[in-house]
2 protein chains.
Amino acid sequence: MLSAIVEDYLKAIYYLQNETDGRVRTSALAEYMDVEQSTVTSMMKKLSERNFVHYEPYQGVKLTDTGVPIALEIIRHHRLLERYLTDHLEYDWAEVHDEADRLEHHISSQFADRIAEQLEDPAVDPHGDPIPTADLDVSGAKYEDTLADHQVGDSVRIERVPDKDPALLRYLSEHGIHPGTVVDVVETTSFGMVTLDPDSGDEPVALPDEVARSVSTRSLTKGAN
Amino acid sequence: MLSAIVEDYLKAIYYLQNETDGRVRTSALAEYMDVEQSTVTSMMKKLSERNFVHYEPYQGVKLTDTGVPIALEIIRHHRLLERYLTDHLEYDWAEVHDEADRLEHHISSQFADRIAEQLEDPAVDPHGDPIPTADLDVSGAKYEDTLADHQVGDSVRIERVPDKDPALLRYLSEHGIHPGTVVDVVETTSFGMVTLDPDSGDEPVALPDEVARSVSTRSLTKGAN
DNA sequence: GACGATAATTAGGCCCGGCTAAATTTATAA
DNA sequence: TTATAAATTTAGCCGGGCCTAATTATCGTC
Ligand SMILES: [Mn+2]
Ligand SMILES: [Mn+2]
Ligand SMILES: [Mn+2]
Ligand SMILES: [Mn+2]
């Protein structure tokens with residue numbers, strides 16, 4: 001019915017419209033999908049034709065009520081697969097993304113349901129991203145702040161890390177940073193660096209601001225300054 | 001690198017050339033792949049171009065030494081997946097074929113190796129077909145005779161059943177026929193019917209000759225007539 | 001309010017994997 | 001040996017998903 005490519009476009013639009021909180025621009029999609037803008041334009045016309053998106057020339061696109069559940073279904077597949085690969089097939093969390101990104105389009109919903117059952121309906125994937133339920137509810141796990149939003153001295157719990165960069169994931173895991181890890185913010189600099197001290201006893205870790213902004217957190221205690 | 005379609009053609013050629021023991025004809029491939037003959041012709045030219053097959057116009061094709069391991073790799077994926085789906089994900093053996101036929105093209109070799117490890121390197125899939133080893137050795141499990149080759153009174157063990165027809169698989173499993181089942185041949189008719197009496201105590205089962213010819217067996221004891 | 005930079009779309013083309021209809025080759029049988 | 005039937009290939013087309021180059025729209029700035 002739907003090609004893997006079409007599904008990937010819908011998923012990309014879903015992500016981007018939740019980030020920018022509005023219409024998704026052709027340029028943003030082209031960058032995200034790693035194709036030329038003209039390719040995006042022609043694809044948007046087709047998706048619009050099929051009623052998956054609202055498309056206004058020169059103004060960007062937005063998923064329709066038909067498009068959203070398709071995107072969510074694929075995201076459910078993706079995150080369940082990541083969870084399954086790490087929990088049952090000994091994958092490292094840095095390896096799962098690519099495998100899940102292919103398989104998400106080819107497993108049946110029966111397959112998804114079976115692995116969900118074996119995993120006992122997990123709420124989040126290995127990177128802390130919420131897994132939509134079987135009826136595509138995604139209300140759980142809205143992360144508000146990030147590592148970049150805290151003050152020196154704050155104690156915070158890591159909730160979610162970006163899942164697409166294996167090098168970053170390996171770096172984080174080498175320094176004991178996972179969803180669930182509690183860290184103290186020990187330093188922030190004017191030139192864009194955040195230093196964390198994990199409660200686990202691991203050595204302090206330094207992260208550039210851009211990374212810090214992509215790591216979701218929950219505030220535990222405010223620092224005493 | 002290789003499209004799922006190309007992989008399916010190579011797999012089909014592999015099957016057909018082992019059945020007919022020679023060149024695979026355009027018509028046979030067209031039938032098997034459910035496409036027009038002209039489609040097969042143009043695909044054979046491309047596969048030949050890429051050195052996956054020897055193609056002689058009007059004479060059919062044969063896999064090259066480059067083509068064979070590609071086919072075997074996919075067959076390995078297919079059969080490992082079938083085994084995994086039945087053993088670890090509660091699939092019925094009648095359901096696994098379609099799922100495996102899609103996923104075989106999209107799992108990494110890492111994925112294949114991990115499930116092989118979990119299954120402890122199984123020799124055969126749920127239908128009794130041999131699973132090529134990681135280095136693509138397929139010397140194990142060569143089945144010589146079929147249900148149609150036996151005499152009334154013979155006791156035989158079922159070794160392998162055809163895996164593509166869910167209705168047949170359901171019928172067989174309802175009558176207690178699986179690889180490993182031992183049955184007595186109790187009747188053969190001139191109008192193409194074989195009747196079996198399972199040792200398990202299940203009721204006798206009747207099968208048309210064409211099905212009987214597709215069920216591989218091992219002879220245990222000759223009947224006393 | 002017009003101008004230039006930037007973003008987006010259009011035009012036209014390529015490769016893939018299908019199709020139908022028309023040749024052409026091979027096989028069969030008189 | 002030759003005619004006919006059957007199998008196969010060729011020719012030409014289509015949709016999907018990509019590209020480059022050319023055109024057009026939008027937006028921030030003077
Ligand atoms: Mn994907
Ligand atoms: Mn993830
Ligand atoms: Mn397949
Ligand atoms: Mn099988």
Side-chain angles (χ1 to χ4, degrees), chain A residues 1-13 16-17 19-63 66-67 70-71 74 101-102 104-106, chain B residues 1-14 16-17 19-63 67 70-71 74 101-102 104-106:
Chain A
M1 198 76 261
L2 298 181
S3 71
I5 287 292
V6 163
E7 291 180 346
D8 272 338
Y9 273 100
L10 295 176
K11 200 176 60 149
I13 296 168
L16 293 173
Q17 82 183 13
E19 263 178 27
T20 66
D21 207 61
R23 298 191 116 80
V24 178
R25 318 229 93 217
T26 300
S27 47
L29 262 173
E31 152 121 52
Y32 193 93
M33 295 291 295
D34 196 24
V35 295
E36 295 300 317
Q37 297 191 349
S38 57
T39 303
V40 172
T41 299
S42 70
M43 180 58 81
M44 290 311 104
K45 288 200 270 191
K46 287 172 201 160
L47 295 184
S48 169
E49 194 66 33
R50 299 224 247 170
N51 270 302
F52 297 149
V53 299
H54 298 295
Y55 170 52
E56 266 184 73
Y58 295 100
Q59 302 303 323
V61 291
K62 197 168 165 304
L63 289 179
T66 312
I70 300 173
I74 304 300
D101 228 14
R102 276 178 288 111
E104 63 188 2
H105 311 290
H106 305 288
Chain B
M1 198 75 260
L2 299 180
S3 71
I5 287 291
V6 163
E7 291 180 347
D8 272 339
Y9 274 99
L10 295 176
K11 200 176 60 151
I13 296 168
Y14 182 88
L16 293 172
Q17 84 183 11
E19 263 178 28
T20 65
D21 209 61
R23 297 192 117 79
V24 178
R25 315 230 94 217
T26 300
S27 47
L29 262 173
E31 152 121 50
Y32 193 93
M33 295 292 294
D34 197 24
V35 295
E36 295 301 316
Q37 297 192 350
S38 57
T39 303
V40 172
T41 299
S42 70
M43 181 57 82
M44 290 313 103
K45 287 199 271 190
K46 287 172 200 160
L47 295 184
S48 169
E49 194 66 32
R50 298 224 246 169
N51 270 303
F52 297 151
V53 300
H54 297 295
Y55 169 52
E56 266 184 73
Y58 296 100
Q59 303 303 323
V61 291
K62 197 167 165 307
L63 290 179
I70 300 174
I74 304 300
D101 227 13
R102 275 177 289 112
E104 62 188 2
H105 310 290
H106 304 289

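Lettering follows sequence order; numbering is per chain, from 1.
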d([atom1], [X]; [atom2], [N]) in whole Å:
| X | N | atom1 | atom2 | value |
| --- | --- | --- | --- | --- |
| B:Met1 | C:dC15 | CE | P | 16 Å |
| B:Arg50 | C:dC15 | CZ | P | 14 Å |
| A:Lys46 | C:dT10 | NZ | P | 13 Å |
| A:Ile5 | D:dG15 | CD1 | C1' | 15 Å |
| B:Tyr58 | D:dA5 | OH | C1' | 15 Å |
| A:Arg23 | D:dC27 | CZ | P | 12 Å |
| B:Leu47 | C:dC15 | CG | P | 17 Å |

Give, for atom [atom1] of [X] and atom [atom2] of [Y], the distance between the pair rounded to the nearest 0.5 Å.
| X | Y | atom1 | atom2 | value |
| --- | --- | --- | --- | --- |
| A:Leu47 | A:Lys45 | CG | NZ | 12.5 Å |
| B:His105 | A:Arg102 | NE2 | CZ | 13.0 Å |
| B:Tyr55 | B:Thr41 | OH | OG1 | 5.0 Å |
| B:Glu7 | B:Leu10 | CD | CG | 8.0 Å |

Candidate list A:His54, A:Glu56, A:Gln59, test side chain to side chain donor-acceptor pair (under 3.5 Å), partner A:Arg23, passing option: A:Glu56
Taking only the side-chain nitrogens and oxygens of [X], find out if one of them lies under 4.0 Å from OP1 or OP2 of [N].
| X | N | answer |
| --- | --- | --- |
| B:Lys45 | D:dT10 | yes |
| A:Arg25 | C:dA8 | yes |
| B:Tyr9 | C:dC16 | no |

Is there a donor-acceptor pair closer than 3.5 Å between any side-chain N or O of B:Gln17 and the backbone N or O of B:Leu63? yes
Identify, between A:Gln59 and A:Ala4, the residue whose nearest nucleotide on DNA chain D lies closer to the 5' end.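 This one resolves to A:Ala4.
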Nearest of D:dA7, C:dT9, C:dT10 to any side-chain atom of A:Thr26? C:dT9
Give the minimum heavy-atom separation between A:Val35 and A:Tyr9, together with the two atoms involved. CG2-OH, 3.6 Å
Looking at residues 29-44 of chain A, who's got a heavy atom less than 4.0 Å off DNA chain C?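 Within this stretch, A:Gln37, A:Ser38, A:Thr41 sit under 4.0 Å of the strand.
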